[in-house]
K.L.:
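Pasting a structure below so you can have a look.
Nothing fancy with the numbering, it's 1 onward along the sequence. Whatever order the structure lists ligands and atoms in, that order sets their numbers, starting from 1.
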Amino acid sequence: MPPEPGAAYAPSAVPPLHERPAFQALRTHFEKVRELHLKDLFQQDPGRGAQLTAEALGFYLDYSKNRVTAETMDLLARLAEESGLAERVAAMFGGERINVSEQRPVLHVALRASRDSQILVDGRNVVPEVHRVLDQMAEFASRVRDGSWLGQTGRRIRNVINIGIGGSDLGPMMAYEALRDYASPDLTLRFISNIDASDFVEATRGLDPGETLFVVCSKSWHTLETLTNATTARDWLLAGLGGERQAIARHFVAVSTNQEGVAEFGIDTANMFPFWDWVGGRYSYDSAIGLSLMIAIGPERFREMLAGFRAMDEHFRMTPLAKNLPALLALLAVWYDNFFAAETVAVLPYDHYLSRFPAYLQQLEMESNGKHVDLQGRPVDHQTGPIIWGQPGTNGQHAFYQLIHQGTKLIPCDFIGFCEPLHPLGRHHDLLMANLLAQTEALAFGRSAEELRAAGVPEWQIPHRVCEGNRPTTTILIDRLTPESLGKLVALYEHKTFVEGVIWGIDSFDQWGVELGKLLADRITPELEAKLDPSLKHDSSTNELIRRYRRLR
Ligand code: F6P
C-alpha cells in the first residue's frame, strides 16, 4: 500500500560511514591498537575484567576480552551518535515508516507493549489490537491445553504441528526448544518448514489425525513451502478422517496478515489469528506467530516472555550507550566488521536448550543486515552484516573450535551461559560452565612457546601447540533460562541488529534479495514437471542440470 501523503520517513542526512568524524578517528585509533594483545591489556590494567562490563535485568555482559580500550568504546559510541541512533530509536518506537523500501513502520516493540500503553501508527493506537489478539490466542491455547477444544472425532488434541518457514518457523521453533522444560508434557509439538516432503513425512509419522492440530503460519500467505505443506496436511487429515471437510475447522488454524488467502484455503477465519504488516517475519514470534509456542508453554508463561522482551526494550530505549547492552554488542560487532575485517561471528550458547538459537539469529541478523545499499539506495562503501553461525557448547568444542583457536581467521565469539541450571544433576552444570570460562580464557590468552617449554613439551612439537590467543570473546552471563530471560535475550539481539543497521545506514527490515530465487523457482517448476521436453532458455549449466534431473527423476 502506498504511504499516506506526508507519512514517508526521511531520516536526517547522515554522511556516509567513512566520512563521519568518529569513523575517521576510529581509523587512526585502530592503527594504534590493532596489534595490542589481550594479555598485555589485562596486565596493564588489573581492573579491566570488572570495568569493561555492563549489567542490567539479570544479564551480565563482560566485553573485557575484546580487543578494545576504553577509548575504542568511547569512539564507537560517538560513531553511533553521529549515525543518528537516538533519532532512529525514537522513530522506531514512534511508529514511523523506518522500513523505507517497503514504506512500513517497524513495530515489533508494540507486540510486547503493556496493555495501557500507546503506540501510534498513522494516528491510531495499535496496542489495544495487539492485546485483543493476545487474549484470543490465550483463550484458544487454554482450550487446547485443557482438552475442551476437540477434534472432529470428539477426541482431544495431543499433537500440534506448526507449518511455516523463515520467521514463521525459526522463532517459535527456537523458543519451543529453549522452553521445553516449561512445556506441557501432554502435548507433542512439531514443526514442518521445508518443501522437501521428508520434513512432512517425519513430522506426521505415527500421529493420529484425529488428535492433531495444524497451526499454519504465514505472514503473506503466499509462501510456496508453507502453502504446499498446508495443502498436503489438509489431504493427510481428510484421508485420515474419512474426507469430512468440516474437519478442517477443528484441525486447522491460521496465523497471517492475509485474511482473504486464509479463507480461500478453506480455514474458517474465525480460527485465524491476525498480525500486521508492521511486524517483520524475523521479528514476529512474539506475535500470533508464537501461537504454537503459547499452546505448549501456556498463556501465562508466554506473557512472562513478553515481559522479558518489554524490559529489554525499555532498557534499550532509556540507557546511555556506555551501559546499554544491545548497543554495546552492536558497537563491538561494527568494530570487528569494519576495522578488523572479520567476516563471521560465532554465537555459542552453553545451554543445550538454546541449540536452535544460532539458526534463529542467522535469519534475524543476516536477513536484516545483509544489504549492499544505504537508506537512499546508494551502494554502501563499507562492509555490512557478518555471517552468523554457531552451535551449543560444549559440542562445538569438539568440532570447529580448533579453527577459532589456531586457524588463520579472526572470529569474534559471543559466549552465552546461565548461572543457575534447570537440571541440577550431579556435576554437569559446573563442568559445562567451567568449559565456557576456560574457552574464553584460552582464546584470549593462549599458550606461549615459553609456557609449553616450561611444561616439558618437546621443542619439535612446540610450534604446533602454540596458541597465540588474542582471539576476542564477549561473555553474556544470565541468571537462569526462563520465559522471561529468553524474551530479554531475543530482544537483546533484535536491538543489537537494529543499532548495527543504523550505523551502516541500511534498511534492516526488508529482504528483497530472497525474492529473486523464488521468482526463478516459479519459472523452473513447470519445466521440471512438463510431460514433453521443454525448450530451455537458461544458461548452459542450468539447462544441463534440468535435463539431467528430468532424465533421472
Ligand atoms: O524467505 C523470506 C521470507 O520472506 C522471510 O522473511 C519470512 O520470514 C519467510 O519468508 C516466510 O514468510 P511468510 O511468513 O510470509 O510465509
Side-chain angles (χ1 to χ4, degrees), residues 1 98-108 111 133 137 161-176 191-196 199-200 214-234 252-265 267 272-293 356-371 384-385 388 490 493-494 497-498 501 506-522 525:
M1 218 177 60
I98 63 165
N99 175 355
V100 292
S101 82
E102 295 179 305
Q103 303 199 325
R104 289 177 179 163
V106 173
L107 274 180
H108 41 280
L111 299 172
V133 176
M137 290 164 63
I161 301 190
N162 189 91
I163 299 180
I165 196 163
S168 301
D169 165 72
L170 284 164
M173 196 243 289
M174 175 280 292
Y176 171 63
F191 293 84
I192 300 175
S193 55
N194 203 322
I195 191 86
D196 185 339
D199 200 11
F200 183 89
F214 291 97
V215 179
V216 186
C217 294
S218 175
K219 180 178 167 181
S220 59
W221 209 263
H222 288 309
T223 305
L224 175 79
E225 292 88 338
T226 302
L227 295 190
T228 308
N229 279 321
T231 306
T232 305
R234 195 177 52 190
F252 274 83
V253 298
V255 181
S256 186
T257 58
N258 181 350
Q259 186 160 345
E260 267 172 35
V262 170
E264 210 172 292
F265 181 84
I267 296 179
M272 173 179 160
F273 299 81
F275 66 116
W276 309 273
D277 70 359
W278 40 260
V279 183
R282 52 194 175 273
Y283 297 86
S284 69
Y285 96 78
D286 47 340
S287 70
I289 291 290
L291 180 62
S292 54
L293 172 71
R356 299 301 288 156
F357 191 60
Y360 171 77
L361 282 189
Q362 281 179 331
Q363 190 200 9
L364 177 66
E365 295 212 28
M366 292 165 76
E367 204 166 79
S368 295
N369 287 338
K371 305 293 160 64
T384 57
I388 306 291
V490 173
Y493 278 93
E494 284 178 348
T497 303
F498 172 66
I506 56 178
D507 186 341
S508 298
F509 302 104
D510 60 11
Q511 59 286 317
W512 296 104
V514 290
E515 296 304 322
L516 177 60
K518 292 185 192 172
L519 210 74
L520 297 187
D522 283 349
T525 305

K.L.:
Do side-chain atoms of Thr257 reach the backbone of Lys219 as a donor and acceptor pair under 3.5 angstrom?
P.N.:
yes

K.L.:
Find all atoms of ligand 1 within a distance of less than 4.0 Å from any non-hydrogen atom belonging to Val514, and give their numbers and elements.
P.N.:
1 (O), 2 (C)

K.L.:
Purely on distance, is any nitrogen or oxygen of Thr226 under 3.5 Å from one on ligand 1?
P.N.:
no

K.L.:
Show which atoms of ligand 1 fall inside a sub-4.0 Å distance from at least one heavy-atom site of Gly167.
P.N.:
7 (C), 8 (O)

K.L.:
Counting only heavy atoms closer than 4.0 Å, does ligand 1 sit against the backbone of Gln511, its side chain, both, or neither?
P.N.:
side chain

K.L.:
How about CD on Glu515, more than 12 heavy atoms from neighbouring residues, nucleotides or ligands closer than 6.0 Å, or not?
P.N.:
yes

K.L.:
Are any side-chain N or O atoms of Asp199 and backbone N or O atoms of Asn194, one a donor and one an acceptor, separated by less than 3.5 Å?
P.N.:
yes

K.L.:
For the backbone of Glu225 and the side chain of Thr223, can you confirm whether one donor and one acceptor N or O come within less than 3.5 Å of each other?
P.N.:
no

K.L.:
Please list, in number order, the atoms of ligand 1 under 4.0 Å from a heavy atom of Gly166.
P.N.:
8 (O)

K.L.:
Identify, for atom 15 (O) of ligand 1, the protein heavy atom at the shortest distance, and state residue, atom and that distance.
P.N.:
Ser220 OG, 2.6 Å

K.L.:
For Glu515, is the nearest heavy atom under 4.0 Å from an atom of ligand 1?
P.N.:
no

K.L.:
Please write down residue, atom name and distance for the protein heavy atom closest to atom 9 (C) of ligand 1.
P.N.:
Ile165 O, 3.6 Å

K.L.:
Closest non-hydrogen protein atom to atom 12 (O) of ligand 1, residue and atom name please, with distance?
P.N.:
Thr223 OG1, 3.5 Å

K.L.:
Under 3.5 Å, N or O to N or O, is Ser168 touching ligand 1 that way?
P.N.:
yes

K.L.:
Among protein heavy atoms, which sits nearest to atom 4 (O) of ligand 1, and what does the distance come to when rounded to 0.1 Å?
P.N.:
Lys518 NZ, 3.8 Å

K.L.:
What is the ring orientation for Tyr285 with Tyr360, classed by angle as parallel under 30°, tilted 30 to 60°, or perpendicular over 60°?
P.N.:
perpendicular

K.L.:
According to the interplanar angle, ranging from 0 to 90°, do the rings of Phe509 and Tyr283 count as parallel (below 30°), tilted (30 to 60°) or perpendicular (above 60°)?
P.N.:
tilted

K.L.:
When you measure from the side chain of Lys371 to the backbone of Thr384, do you find a donor-acceptor pair of N or O atoms at a distance under 3.5 Å?
P.N.:
no

K.L.:
Has the side chain of Gln362 got a donor or acceptor atom that lies under 3.5 Å from a matching backbone atom of Ile388?
P.N.:
yes

K.L.:
Students should be able to answer this: which protein heavy-atom is nearest to atom 6 (O) of ligand 1, and at what distance?
P.N.:
Glu367 OE1, 2.6 Å

